[in-house]
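This report concerns only the one structure given below.
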Protein chains: 2
Amino acid sequence: MAGRKAAAPDPARSLALLWGSHAKPGRSGLTVRAIVDAAVELADTDGLEALSMRMVAERLKVGTMSLYTHVPGKGELTDLMFDRVYGDLYADPDEPSKQPGGWRGALEFIAQRNWEVLTAHPWIHEVPAARNALGPNITLKYEAELRPLDGLGLSDVEMDSVLALVLTHVLGTARAAAEQLRSQRESGLSDQEWWTGISPTLASVMAGAADRFRLAGRVGTSVGEHFQSAMDPGHALSFGLTRILDGVGLLIAERSAVE
Amino acid sequence: MAGRKAAAPDPARSLALLWGSHAKPGRSGLTVRAIVDAAVELADTDGLEALSMRMVAERLKVGTMSLYTHVPGKGELTDLMFDRVYGDLYADPDEPSKQPGGWRGALEFIAQRNWEVLTAHPWIHEVPAARNALGPNITLKYEAELRPLDGLGLSDVEMDSVLALVLTHVLGTARAAAEQLRSQRESGLSDQEWWTGISPTLASVMAGAADRFRLAGRVGTSVGEHFQSAMDPGHALSFGLTRILDGVGLLIAERSAVE
DNA sequence: AGAGTGTACCGTACATTGTACGGCTCAGGT
DNA sequence: ACCTGAGCCGTACAATGTACGGTACACTCT
């Protein structure tokens with residue numbers, strides 16, 4: 001990173017901002033809300049690392065340093081952005097638990113919703129230390145996602161673990177998808193073009209020791225032909241989720257058998 | 001980010017570097033190998049974003065720009081670093097499949113090994129577009145991790161999907177763990193201190209609408225008391241892995257039943 | 001109405017980054 | 001002995017986050 005020390009975001013300051021009722025328009029109409037909105041728009045198109053305070057200020061027709069009267073720094077700003085887009089997932093905290101299909105349907109719904117935000121705002125993956133952004137919206141999201149898991153015989157810790165497992169899967173897969181997309185954008189090459197571009201180099205080196213790469217060659221080729229790419233994010237998401245939910249099902253069955 | 005355009009790493013250039021046999025000491029003893037080693041050491045202690053070309057050069061007692069005779073840029077350097085630490089996991093490609101416990105034991109071993117690298121080199125999470133770093137070491141790693149999955153009745157695509165599922169879980173959990181650690185280092189507060197620090201603020205705001213945060217409060221508290229923290233990476237890893245392998249077990253049983 | 005005061009706003013400056021560019025200095029071949 | 005090419009590097013530049021100190025406005029109190 002560049003610039004001055006970039007002073008690690010102050011958790012307490014972020015918290016205050018998150019929970020506070022900041023609604024004081026100021027004399028040129030500048031608001032925390034407006035700043036965060038502008039920043040989110042910028043990040044959606046260009047990514048988090050391309051987001052600069054100068055850009056945000058310019059978009060708002062405001063001097064760069066004016067932002068600092070409303071937001072302590074870039075770190076806290078990204079915390080706010082995170083809370084903004086990520087804490088707005090559900091209309092009400094019972095939306096997931098009202099889905100059909102019981103806990104399984106609910107978790108599938110949750111995975112789907114999370115997937116949607118993550119693909120709409122890929123910069124979320126670059127937000128450091130999501131711990132600081134524990135605002136009201138995020139907490140409400142947590143509440144909503146826990147509800148379908150209540151009353152199944154799971155302990156509190158197990159409920160949290162199950163949820164974390166599903167969310168980690170979605171997050172990790174979305175991240176891989178985002179990186180794939182970014183590679184394509186940056187290089188200007190589609191996934192397929194890239195593959196055919198490096199394929200000869202790869203093949204020539206592998207040829208010397210085909211037995212050492214027996215499975216890697218076979219499976220890699222199969223996957224490439226099947227998805228026209230090195231990976232298919234959608235397939236990875238659903239395949240993984242199915243296995244995970246199957247495993248969770250066994251746990252739940254075990255717990256209710258005991259009782 | 002700062003500096004000049006930072007010219008997106010050239011995949012072909014990275015590949016050549018990765019597969020090539022670069023071993024020409026030059027007149028001041030500077031080598032690609034030495035550069036990568038120095039960079040890895042730096043990144044291990046300070047993270048990827050604190051790693052600068054000037055730092056690497058200084059550590060090697062060399063002018064900054066001399067690095068550019070061996071490495072095209074920072075992007076390709078991180079690709080090389082990635083290949084270096086991540087492609088060195090197994091002594092030989094049969095190590096995972098020789099583990100006791102069949103495919104399940106092998107996958108547990110694989111997860112463990114990956115976990116170890118990721119916690120030793122947390123900067124791996126910050127390496128962008130791991131696609132470019134498809135070197136010989138990485139390919140060998142892929143081979144080694146596929147072998148225990150061969151001959152179980154799974155299709156090639158399924159083998160890849162299962163492996164990806166396990167690795168995504170490990171990667172995601174390790175990433176969460178790394179962020180937790182980084183937060184602690186940066187703020188100087190331990191996880192527990194942080195929690196007790198913001199707890200009153202949280203409680204006071206939640207108090208106004210306790211029913212809206214019914215489960216979030218209860219479960220969050222349980223988790224906090226059980227782990228003395230907002231999460232326990234080790235527990236998340238093993239809990240998740242157990243569910244995932246249970247789910248994979250069902251798939252494998254299904255496949256062998258058909259045959 | 002007039003004066004005073006706090007705060008929103010912002011212009012400038014600085015440290016730090018990646019790397020383009022052009023020059024210097026050697027090792028090795030002829 | 002000289003030329004050539006490559007390794008090495010000093011300087012310059014554009015971009016970053018933000019510290020600092022100044023300006024100008026909205027509001028309160030008399």
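Please read all numbers here as calculations on a predicted model, not as lab measurements. Residue numbering restarts at 1 for every chain, and letters A, B, ... go by the order of the sequence lines. Note that these values count all heavy atoms, side chains included, but never hydrogens, waters or copies made by symmetry.
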Whole-Å distance between [N] [atom2] and [X] [atom1]?
X: A:M53; N: D:dT18; atom1: CE; atom2: P; value: 6 Å
X: B:K61; N: D:dC8; atom1: NZ; atom2: C1'; value: 17 Å
X: A:M65; N: C:dC10; atom1: CE; atom2: C1'; value: 8 Å
X: A:K74; N: D:dT16; atom1: NZ; atom2: P; value: 9 Å
X: B:L67; N: C:dT17; atom1: CG; atom2: P; value: 14 Å
X: A:E58; N: C:dC10; atom1: CD; atom2: C1'; value: 15 Å
X: B:L77; N: C:dG18; atom1: CG; atom2: C1'; value: 12 Å
X: A:L60; N: C:dA8; atom1: CG; atom2: P; value: 16 Å

5'-most by nearest nucleotide on DNA chain C - B:S52 or A:G63: A:G63
Listed nucleotide nearest any side-chain atom of [X], set [options]:
X: B:Y68; options: D:dC8, C:dT19, D:dA19; answer: C:dT19
X: B:T69; options: D:dG17, C:dC9, D:dC8; answer: D:dC8
X: A:R54; options: C:dT19, C:dA13, D:dA19; answer: C:dA13
X: A:H70; options: D:dT18, C:dT17, C:dC9; answer: C:dC9

Would B:R175 and B:E179 pass as an ion pair if we require N to O under 4.0 Å? yes
Note: B:D88-B:R84 ion pair, threshold 4.0 Å (strictly below): no
Less than 4.5 Å apart, side chain to side chain, heavy atoms only: is that true for A:L167 and A:I110? yes
Does B:V40 reach the side chain of B:H121, with side-chain heavy atoms less than 4.5 Å apart? yes
Is any side-chain N or O of B:S66 closer than 4.0 Å to OP1 or OP2 of D:dC9? yes
Taking all non-hydrogen atoms of both residues, which atom of A:D46 and which atom of A:A50 are closest, and how far apart? O-CB, 3.3 Å
